[in-house]
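The block underneath contains the structure these notes are about, expressed in structure tokens.
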Number of protein chains: 2
Amino acid sequence: MSRSNPRVLSTLERAGGFASAQEVYRLMQREGESIGLTTVYRSLQSLVNDKIVDVLRRDDGEAIYRLCGDAHHHHLVCKSCGDTVEIEGGAIEKWAKVMAEEHGFRDVGHTAEIFGICSKC
Amino acid sequence: MSRSNPRVLSTLERAGGFASAQEVYRLMQREGESIGLTTVYRSLQSLVNDKIVDVLRRDDGEAIYRLCGDAHHHHLVCKSCGDTVEIEGGAIEKWAKVMAEEHGFRDVGHTAEIFGICSKC
DNA sequence: AGCACAAATGAAAATGATTTTCATTCCCAT
DNA sequence: ATGGGAATGAAAATCATTTTCATTTGTGCT
């Protein structure tokens with residue numbers, strides 16, 4: 001396995017906590033950091049595994065990474081500008097639990113995301 | 001520009017109204033249809049422009065196309081054996097709608113999936 | 001210090017979806 | 001028939017991401 005390179009996390013923070021792997025890489029280069037693209041990808045992945053960052057997708061399919069609070073939440077994402085709002089998902093938690101029980105599933109987790117066009121766009 | 005090849009739409013329908021471009025292509029090939037991958041992409045894009053289909057992204061970034069207004073369902077997936085159950089998601093629809101309104105979003109869609117370990121595993 | 005071994009790194013190649021190019025074919029109105 | 005625009009698709013180009021693999025770095029041990 002591999003651990004995250006701390007400079008990657010620090011750069012992601014400096015980027016406003018919201019950037020693609022390529023962007024983090026270019027940013028580090030511009031700042032004179034010596035790092036390989038591979039390491040950036042690996043570090044981001046590892047941060048995702050550790051649930052320190054969240055990954056979502058731009059409309060063009062590029063993955064964007066963002067720091068996120070530790071509480072379990074969901075996202076409301078603008079398809080146009082990428083603006084993201086963290087929302088509460090109590091209804092989902094309950095739904096997931098009920099559905100899983102109904103079908104005899106255990107160790108249940110879920111993903112849910114809402115997307116649309118925000119008021120500014 | 002280009003108009004959509006009707007066989008592409010028909011195949012997407014037959015696929016359950018939910019498939020990636022590559023899947024539509026492979027499906028058409030398997031059924032003996034003579035069509036190029038390029039045409040599949042172009043047709044799907046055109047269907048998106050005409051708002052006949054919706055596009056979202058899988059976790060791996062692959063674009064999946066879905067017939068609009070399709071009463072869509074959600075999945076309960078076993079992490080161990082991959083078995084999948086289609087479940088009803090009325091609660092989610094409502095949740096998505098409320099959350100979106102609350103934050104001034106429009107043209108809202110959503111994704112939701114539950115995963116766990118099924119009774120057989 | 002010197003040695004061994006695991007983890008980290010990054011350049012380059014591989015992968016895979018999607019897009020672009022461009023030459024060819026099809027279709028339709030004259 | 002014929003000329004021109006639309007549709008098609010094979011092949012090449014793009015681009016993010018992953019994999020490979022050889023090299024470097026770090027760490028514990030003697």
Side-chain angles (χ1 to χ4, degrees), chain A residues 1-12 15-67 77 79-82 84 111 113 115, chain B residues 1-12 15-67 111:
Chain A
M1 291 290 128
S2 76
R3 231 180 279 118
S4 157
N5 182 318
R7 288 175 296 155
V8 169
L9 177 54
S10 136
T11 303
L12 183 58
F18 197 147
S20 74
Q22 302 279 346
E23 284 163 0
V24 168
Y25 175 66
R26 284 194 289 269
L27 196 58
M28 293 181 81
Q29 294 234 302
R30 221 175 300 133
E31 289 173 352
E33 300 251 27
S34 166
I35 197 166
L37 184 54
T38 314
T39 301
V40 172
Y41 273 103
R42 268 193 292 239
S43 294
L44 288 172
Q45 261 163 0
S46 147
L47 288 168
V48 170
N49 284 344
D50 297 349
K51 314 222 190 260
I52 294 168
V53 313
D54 230 5
V55 56
L56 8 151
R57 295 272 169 186
R58 289 227 186 92
D59 262 9
D60 66 354
E62 194 173 353
I64 52 184
Y65 302 85
R66 65 195 290 280
L67 293 168
V77 187
K79 282 193 278 195
S80 169
C81 68
T84 303
T111 60
E113 204 169 282
F115 44 87
Chain B
M1 287 292 121
S2 75
R3 229 171 293 130
S4 158
N5 182 318
R7 289 175 295 156
V8 169
L9 177 55
S10 135
T11 304
L12 183 59
F18 199 145
S20 73
Q22 303 278 346
E23 285 164 358
V24 168
Y25 175 65
R26 284 194 290 268
L27 196 59
M28 293 181 79
Q29 294 234 304
R30 222 175 298 131
E31 291 175 350
E33 299 252 25
S34 165
I35 197 166
L37 184 55
T38 315
T39 301
V40 172
Y41 273 105
R42 268 193 293 239
S43 293
L44 288 172
Q45 261 165 358
S46 149
L47 289 168
V48 169
N49 283 345
D50 296 349
K51 310 221 191 265
I52 294 168
V53 313
D54 232 4
V55 57
L56 16 148
R57 295 271 169 186
R58 288 226 186 92
D59 269 5
D60 66 352
E62 193 175 354
I64 51 184
Y65 301 86
R66 178 180 80 187
L67 288 172
T111 60

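The backbone N or O of E62(A) sits less than 3.5 Å from a side-chain atom of D60(A), completing a donor-acceptor pair. Remark: the backbone N or O of N5(B) is paired with a side-chain donor or acceptor of S43(B) at under 3.5 angstrom.
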Query - Sequence-aligned protein contact record of nucleotides 13-25 of chain C, with B where the base is within under 4.0 Å of a protein heavy atom and S where only the sugar-phosphate is - result: ----SBBB-----
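With sequence neighbours excluded, the residues forming a salt bridge (Lys or Arg N to Asp or Glu O under 4.0 Å) with E23(B) are R58(B), listed by chain and number. Under the side chain to side chain contact (heavy atoms under 4.5 Å, CB included) criterion, Q45(B) pairs with no residue at all, not counting sequence neighbours. The side chain to side chain contact (heavy atoms under 4.5 Å, CB included) search around D59(A) returns K79(A), not counting sequence neighbours.
Atoms CG and CZ, on L47(A) and R42(A) in that order, are 13.5 Å from each other to the nearest 0.5 Å. With rounding to the nearest 0.5 Å, the separation of OG in S20(B) from CZ in R26(B) is 6.0 Å.
Going from atom CD1 of I35(A) over to atom P of dT25(D) covers 15 Å, rounded to whole Å. For the pair D60(B) CG and dA16(D) C1', the computed distance is 12 Å after rounding to whole Å. Atom CZ of R58(B) and atom P of dT17(D) are 17 Å apart (whole Å).
Counting only heavy atoms from C-beta on, R3(A) has its side chain closest to dA8(C) among dA8(C), dA7(D), dT9(C).
The shortest distance between the side-chain N/O atoms of N5(B) and the OP1/OP2 oxygens of dT8(D) is below 4.0 Å.
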Query raised in the report: Given the rule that a pair is Watson-Crick or G-U wobble with both distances under 3.5 Å, how would you write DNA chain D in dot-bracket, using | for pairs to a different strand?
Result: ||||||||||||||||||||||||||||||
Between side-chain atoms of residues 32-41 of chain B and protein atoms elsewhere (two or more places apart, or another chain), which donor-acceptor pairs fall under 3.5 Å?
unit_1	atom_1	unit_2	atom_2	d
E33(B)	OE1	R7(B)	NH1	3.0
Y41(B)	OH	Q22(B)	NE2	3.0

